[in-house]
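One structure below.
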Amino acid sequence: MRWWVAGWAVAGMVVLASCGGSSGGASGAGRSAGPSSSTPAQGSSTPAPAPSSATPTGSGTPGGSASAGEPSGATGRCAAGHAQVTVSPGDAPTRRLCVRPGTVVSLVLEPRADDRRWTAVNSSAPVFVVASGWQVGPDGTARASLRSAGTRGGSAKVTALAKAPDVAGAARAAFTLDVSVVPYPKEG
């Protein structure tokens, strides 16, 4: 029975090392690759004012912009380096985001209008997107850091849970971010 524990521990360390090592270099390269782009990406193709945004602050792709509604097979339209997603009260409960491997996404959940409070963030596939750094501020704003896999491509659903503090029971999903990790095209 002990060899199973050792095997799982080694597998976990390999996954964490590959995510941490590769994404640190990729996000650092994305930040130092010229001026930052601050084009907000909306869920639709027409630019309409919305209280939420997905804003890349460093990009290693020629397109240089993130797209919250972009299909996972699109090239040049995925966020690279660092991106920020802000969720405001009244926003759609589901949003899509396309990122390149090694991208760090800052998820900002603004205080809810109802009596529920943000409690946690979970990833359906930690191999592709790892949620960390969860904190809730005194004003009710919650923040989490989402780190995509260093070299792999895939998708994960990141759910933000909310619950009323005086009601018994488990917290329920109040927001879902569908993250698609699209690898860079290979040449040669």
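- Judged by distance alone, with hydrogens and angles left aside, the side-chain atoms of Arg100 form no donor-acceptor pair with the main-chain N or O of Val181 at under 3.5 Å.
- The shortest heavy-atom contact between Ala156 and Ser123 is CB-OG, 4.0 Å.
- Between Val105 and Leu97, the closest side-chain pair of non-hydrogen atoms falls below 4.5 Å.
- Between Val127 and Arg152 there is a side-chain heavy-atom pair separated by less than 4.5 Å.
- Within 6.0 Å of atom CZ in Arg116, more than 12 heavy atoms from other residues, nucleotides or ligands are found, so the atom counts as buried in its surroundings.
- Checked by atom type and distance alone, the side chain of Thr103 never pairs as donor or acceptor with a backbone atom of Ser148 at under 3.5 Å.
- The closest side-chain heavy-atom distance from Thr141 to Pro111 is below 4.5 Å.
- Using a 4.5 Å heavy-atom threshold, the side chains of Val104 and Ser145 count as touching.
- In this structure, Leu177 and Leu146 have side chains that are in contact, with non-hydrogen atoms separated by less than 4.5 Å.
- Judged by distance alone, the side chain of Trp134 and the main-chain N or O of Ala142 form no donor-acceptor pair under 3.5 Å.
- Judged purely by atom type and a 3.5 angstrom limit, Trp118 uses its side chain to pair as donor or acceptor with the backbone of Glu110.
- For the pair Thr86 and Asp91, the tightest heavy-atom approach, listed with the atom from each and the gap, is O-OD2, 4.0 Å.
- Considering all non-hydrogen atoms of both residues, Gly153 and Phe128 come closest at O-CE2, 3.2 Å.
- Screening residues 156-165 for salt bridge (Lys or Arg N to Asp or Glu O under 4.0 Å) gives Lys157-Asp178 as the qualifying pairs, with residues at least two apart or on separate chains.
- A donor-acceptor pair is defined here as one N or O able to donate and one able to accept, closer than 3.5 Å; such a pair exists between the side chain of Thr119 and the backbone of Leu161.
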